[in-house]
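Throughout, residue positions are numbered sequentially from 1 according to the sequence presented. Computed from a prediction, not measured in an experiment: that's the story for all the values here.
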Amino acid sequence: MRSLTPLGIQISSLDQFSSKVGNIAINPEDGTIFITLERAGEDGGVEIDILQITSDNTEPEIIASFSSPVLAPFPKPEHQGETLDIHYLPDDRTLIVLLAGGDIATLALEGSDGQISPVEIVGSVDSGIKAAAWAPDDEQIILVTGEDNLVCMTRHFDVIHEEPLRSDEFGEDGFINVGWGSKQTQFHGSLGKSAAKQPINTSKSISHPTDSGLPYITFRGDASYFAISSLDPYGGESSESRRQIRIFSRDPNTGFIPKLSSTSESLPGLEGNLSWRPVGNLLSTLIRYGYEGGGEGREGKWDIAMLERNGLRHGGFELRESKETWKDGKVKGLSWNSDSEVLAIWIERKDRDVVQLWSMKNYHYYLKQELFSHDPSSSRFSGFRWHPEDPLTIYLFGESFVQARTFVWDTYTARLPMPNDTASVAVVDGQKLLITPFRTQNTPPPMSSYHLDLPSVPVHVSLSDSTDSLSILFADGLVQVWDLNTRLPDPKLGSRLRGGGKVAEPKLKHSTTVSSAEKNLVKQIAIGPNGKVAILSWSEKDGSAKTLISIVEEKEETETEELEDDIERLLWAGEELLALTAQGQLKSVVSDQSIDITLGPHPTALTYSASSELIFALSPNSKLHLSSISPSSISTSIASNVTSYTLTPDFLIYTTSSQSSHYAPLPTLGRLANGDDLSTQEMTWDERRVERGSLIVAACESSMSLVLQMPRGNLETVYPRALVLAVVKQDVLSGNYRNAFLQCRKHRLDLNVLYDLDPLQFMKNLKNFVEQVPEVDYLNLFVSSLSSADSAKVLYGDRSNHPSSSSLSHATDKVNTICDALRSILEERGVEQYIETILTTHVCKQPADYESGLQVLLTLQSDHPEIVEDAIKYIIFLSDVNRLYDVALGMYNFQLVLMIAQYSQKDPKEYLPFLRELRALDKWDQRFRIDDHLFRRESALRNLKQSGPERFEEASSYLSRYELYDEAFKLYADEPEHLEVVHDLYGDYLYDRRDFADAAISYILGKKESKALKAFEKAHAWRELFTLAKKLEVSEDDTLQICVRVTDHLASRGRHLEASQVFIEHAQDVDSAVDVLCRGADFSEAYRLTSLHDRSDLVESMIHPGLEEAHEALMETFEEMEGQLDKEMNRLKDLRKIRENDPEQFYIVDTEPAIEGVDVATNATTAVTGFTRYTVAPTTVFSQATKLTGMTGHTAKSSKKARKRATGRKGTVDEYEYLIGSIGRLLIRVDEKSAEATTLLRHLILATSDHVELANSLQKTIKSFRTKLESSIELAWEGREDILKEAIESGGTGLEEGLDKSLALIKPQVSVWKGIGMLAISLQ
């Protein structure tokens, strides 16, 4: 679906030289052209000048000259000069000139002195050279001498092989007869038996009189094969001859010596021109029909025949030349371009020469361009040559000029705005313009929906972006403007045409001829607004080349602007006409507004978006550039590896070489072009995978389609989600719900988007929605698709926002609100018509309201019994039949239950016995059984209560079994006797759940005090326990047993004061009370009890021993803490020595060499090494993986592991810091125990003299230890700031997990502890 658009034209006139052009060569690196100019020599030979034309189109310069005394000793065509071939070797920067007379000359462009060396004749072939061709790898050259010998030379002209050209052998790859019989016995497919009876063509092949008689040589692209077409005489007395093609192989194992591989089959009418397609699959040649000895029949026709490597014909196409050209003209040459896409054919017509450019897709060959001379006085070509590397640059040369013509592949597409977008695509094929409007038809090429018959092959075609029209430019300056009148589908009938008729009715609106100078070439045409047409052309006047821009209107005169710049493209931007220079500057042509936009040189595509006022350009290196229409704007690259792109009013769509298509919103690109900063999410665009090599043909937003062409030529239409969503959003916001619904249904979009895009508008227009979508099936689909999720956010993201939306758009009851509102509208329109949708609104509520749906069925049965059967079947289809059966049963309506059961095809054996059993029961018993069957326990209990008080025992068992206490308290609140039983059962339930306190209360409410007493004891509520025991007059022995159990529990929990209170108040046991207080070190209360109850004997027997035990316990505690302090201080000394002797170990500094490229670690690590720092190893005891990965789990378990890891780093700064913290925590414990000792000392000094000594020893011990602890803290913190500073500066991994915590740590201070002061000394 692509056509060739002229891009650049460079013409070099050589009239100032008195010689004619012989041949040309191209330097692929910089595009320099080397030309041989020939003139007759004084001695009858030929003098040759070598001319150079650089790529900047400067004046031609003669760089060398030489002469040859020998002319070609054989006849040659008139257009062919003595220069048979000129070839440029990039590696040596050398030109090789081959003359037909046999001389071989070389010209070094960079000699030993860096200058151009003189021409050197390195050899000569005495018999002359008829044909020559260089291998694509420039390593060999193949010659056919005047004696018809095949000569193979190296690039240094050493002969490695020579043999006669002609041979009677077929070649090494000769065919093998496998014995399949004659033609009459073979299968002929659809041709039938008649094909077998047709005689075999045995006509004799004879060359045409216009045959030059010279051989032609062509190489395959990989240089492993070459072919030679030669004119072979029949021999004997016959003077006739025929053309034969021989294919030779070049085997690297034999030194690339040519060997005959195969010979072509007999092809009557075969002519000499030959070109091997570089990809290697086909060999192109020419067959002439309609003369004696030529192709049979078809007089006046030529075929470009394609041959396989074995010499057999494999397709081809017919040249579209007139019989006059066939009779008087001839085909002078043909050649494939470097990428095998375009075949150039040089044809001699009666009045002038033409070079045709053909391309092939879907096995059809399209005539894309016809190239003519720019000078009517010199209308013949001397030859042509493709650029070796740039596939779409061709060089044409005549006797006194050289043309360099550059093309780009372009898709002629109409980009009209919605709803008039036709997505029409025009394809040039000779004198026909094939047009297909992809909005209404997807016609596969080479077919089309319709075509325009043209007077000649067009140069360029432009389709309007504002009207359904196009303009066509022809080589003679003729301009045609056509109105296509494409039929668009009725919106109510869908996206396709209905009722037959023509796809379009094109009419020629007007035509005109652009006046031009004598030497002129038209390049491009651009149709703009209001029927304006701009034509770009090259013209030479008075020896000066100009670029002309002509603006044509239907009824006005042509306006012409002359520009000095080399203009490559024209572009209409609204009313503004812009021109793109070869340097990549986009400038305004005729306007007061100055626009100068930098896009980059030679873009292969240039497009303007009217909706966003943006310009897009695709550079030759496949980068897509974006620019806004503003003075002095610079383009921005937005994508790379782009293979094709197109525009819609809302999106930029492009494909990449990574087999994906992208859809960028134009509003976002507008902000990008204006320099706004975009978030990563905004720069992430929709993407879709496509087939490898797919190219965009057209995008039609109205039909939401994107047409792609595969490499082989077939078309594929896809419906990108981005285009579909854009159209659906537009339809929803404009209230066109039917089209939006149909598109969502077709493309499987979430139907919730109809509501979610604008909830308030949808609810307001819900009645309109039903009118637009009245089909029951469609409404059922919509309701069944409803969900509480916001589909607009999922589908559109941030682009879903709309001004009419509100914060209440997506309430939790969205589904229920829509169902209720829709049901009310449908009930007004007729229940019998919309019964299915009404049932759907009940079933699809959240949660499903089956009961209301079944109520509708009951109503329907009485009002419309004729449709109730279908309604029941529908609701069964829509729901879980077992769930529906249970709901119907729970409604206690046996008629409804039977209806559901019968239509659901349930087995009667499953439900009839149960229903009969239920019918035999009374009302409440029946309902109890149903509710119990349906696991509706609360309702079953209510129905059981309704059965009467005589069923209470069964009810109490039922509520206890299913724990229905809340419901039971409500039901029996007015029945005290039954309520007490419920409380008793509830107390048992709580007691089993170990909720003893609440169980005791429930027992009391249920008049079960004995159970409550046990529950209070289990709850350890001793005050409530003894209160209730007193009330129940529990015996003294039982009370004492309760006291023992209660006090044991209190003492074990450290509640010694409460335990003594129980002994005194409820057991009158002073001894036990004092004993328990002494065990709890509550000596003040013990003294008080002995005094209160006049039991001084207990002081000696219990209190004094208790004081001694408490003293001993504290002394042991302080001794333990002193031992801990000594160990930690000794370890700190060792760590300081390690710091001095081995600081790298102390600070965990890595000293191992850097390990690069390591990306794998093992979890078998057992120690921290330098390896750990360069990898992300799994967490081990000593690893730093948590630090490196940042994956920290802040849990108690992970914190415990971190502490364990810190203490485990022996001999490091981590251990040092751990010891510092440990000493600080020791001080806290010392302060706690010192406070306990103060209370104990006060009682010791009031006891005996022995106890006073104990008090003195305890006080001294504590003071001595606190003094020692104070000095230890000072020693431990000494130099700590330096250690932390060195830990940071060393770069080690020490303290990585707690450095901030270490820096924030404050040195602890030992406070002054006086104990009991001088009191202990005064009593000594």
Side-chain angles (χ1 to χ4, degrees), residues 8 10 12 21-36 48-58 60-64 66 83-99 104-123 132-143 152-158 160 217-224 226 250 252 256 275-276 278-280 335-340 344 383-397 402 404-406 601-602 620-621:
Q10 291 186 357
S12 299
V21 176
N23 216 322
I24 67 171
I26 298 97
N27 180 354
E29 297 174 352
D30 57 11
T32 300
I33 307 173
F34 300 100
I35 308 170
T36 59
I48 296 177
D49 297 325
I50 300 179
L51 197 67
Q52 173 181 278
I53 303 176
T54 58
S55 57
D56 55 2
N57 205 21
T58 57
E61 174 189 3
I62 296 178
I63 60 175
F66 70 99
T83 306
L84 182 66
D85 180 75
I86 177 173
H87 186 74
Y88 175 76
L89 297 178
D91 296 346
D92 303 336
R93 289 190 52 80
T94 303
L95 285 174
I96 309 296
V97 181
L98 302 179
L99 301 182
I104 301 175
T106 64
L107 174 63
L109 300 178
E110 289 185 1
S112 57
D113 57 353
Q115 302 298 320
I116 299 177
S117 300
V119 176
E120 179 183 0
I121 305 296
V122 296
W134 283 87
D137 57 6
D138 289 337
E139 292 299 327
Q140 282 188 355
I141 181 172
I142 303 298
L143 307 177
C152 177
M153 295 183 179
T154 66
R155 63 184 297 164
H156 302 295
F157 308 105
D158 297 326
I160 60 175
I217 307 174
T218 181
F219 270 89
R220 201 168 77 168
D222 60 0
S224 57
F226 66 89
R250 297 172 66 240
F256 295 100
S275 179
W276 207 322
V279 294
S335 176
W336 285 96
N337 69 338
S338 60
D339 66 355
S340 306
F384 72 94
R385 179 166 294 193
W386 286 103
H387 192 284
E389 294 180 357
D390 186 356
L392 294 181
T393 297
I394 189 172
Y395 297 86
L396 313 171
F397 57 93
V402 176
R405 309 283 290 270
T406 302
H602 313 301
N621 58 356

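What you find for Ser275 and Ser335 is that their closest heavy atoms are OG-CA, 3.4 Å. Closest of all the heavy-atom pairs between Glu29 and Pro90 is OE2-CB, 4.0 Å. Smallest separation of non-hydrogen atoms from Ile53 and Pro60: CG1-CB, 4.0 Å. Contact between Ala135 and Ala223 at its shortest, heavy atoms only, is CB-CB, 4.4 Å. The shortest non-hydrogen separation linking Ile50 to Leu95 is CG2-CD1, 3.9 Å.
Arg220 contributes atom CZ, which lies 6.0 Å from atom CH2 of Trp276 (distance to the nearest 0.5 angstrom). Here the CG atom belonging to Leu396 is positioned 12.5 Å from the CZ atom belonging to Arg385, to the nearest 0.5 angstrom. One distance of note links CG of Leu99 with CG of Leu84; it measures 8.5 Å at 0.5 Å rounding. The distance from the CZ atom of Phe397 to the CD1 atom of Ile35 is 9.0 Å, given to the nearest 0.5 Å. Here the straight-line distance linking atom CD1 of Ile26 with atom CD1 of Ile24 works out to 4.5 Å at 0.5 Å rounding. In this structure, CZ in Arg405 is found 12.0 Å from CD in Gln10, a value given to the nearest 0.5 Å.
Residues Leu98 and Leu143 have side chains in contact (heavy-atom distance under 4.5 Å, counting atoms from C-beta outward). Taking the side chain as every heavy atom from C-beta outward, Asp30 and Thr54 never approach each other to under 4.5 Å. Residues Trp134 and Asp85 form a side-chain contact, since some pair of their non-hydrogen atoms from C-beta on lies under 4.5 Å apart. Using a 4.5 Å heavy-atom threshold, the side chains of Phe256 and Asp137 count as separate. A heavy-atom distance below 4.5 Å is found between the side chains of Leu89 and Ile96.
Considering only residues two or more places apart in sequence or on other chains, Pro601 meets the side-chain contact (heavy atoms from CB on, under 4.5 Å) condition with none of them. For Asp390, the side-chain hydrogen bond (donor to acceptor under 3.5 Å, both in side chains) partners are Thr393, not counting sequence neighbours. Residues that satisfy the side-chain contact (heavy atoms from CB on, under 4.5 Å) test with Asp91, not counting sequence neighbours, are Arg155. Applying the side-chain hydrogen bond (donor to acceptor under 3.5 Å, both in side chains) criterion to Thr154, with sequence neighbours excluded, gives no partner residue. Here Asp339 pairs with nothing under the salt bridge (charged side-chain N to carboxylate O under 4.0 Å, His left out) rule; sequence neighbours left out. The side-chain hydrogen bond (donor to acceptor under 3.5 Å, both in side chains) search around Asp49 returns Arg39, Ser65, not counting sequence neighbours. Among residues two or more places apart in sequence or in another chain, the ring pair (Phe, Tyr, Trp, His ring centres under 6.0 Å) test is passed with Phe34 by Tyr88. Residues passing the salt bridge (charged side-chain N to carboxylate O under 4.0 Å, His left out) test with Glu389: none are found, sequence neighbours excluded. Partners of Glu61 according to the side-chain contact (heavy atoms from CB on, under 4.5 Å) rule, which considers only residues two or more places apart in sequence or in another chain, are Gln52, Ile63. Considering only residues two or more places apart in sequence or on other chains, His602 meets the side-chain hydrogen bond (donor to acceptor under 3.5 Å, both in side chains) condition with Glu568. Under the side-chain contact (heavy atoms from CB on, under 4.5 Å) criterion, Ala344 pairs with Val355, Leu357, Phe384, Trp386, Ile394, sequence neighbours left out.
In terms of modelled atom types and a separation under 3.5 Å, the side chain of Ser55 and the main chain of Gly31 share no donor-acceptor contact. Between the side chain of Asn337 and the backbone N or O of Leu392, no donor-acceptor pair lies under 3.5 Å. Checking side-chain atoms of Thr83 against main-chain N and O of Asn23 turns up no donor-acceptor pair under 3.5 Å. Between the side chain of Thr32 and the main chain of Asn27, no donor-acceptor pair closer than 3.5 Å is present. No donor-acceptor distance shorter than 3.5 angstrom exists from the side chain of Arg250 to the backbone of Phe226, with no hydrogens or angles considered.
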For His87 and Ile141, run side chain to side chain contact (heavy atoms under 4.5 Å, CB included): C-alpha distance rounded to whole Å, both residues' side-chain angles, the deciding distance at 0.1 Å, then the answer.
CA-CA 11 Å; His87 186 74; Ile141 181 172; over 6 Å; no

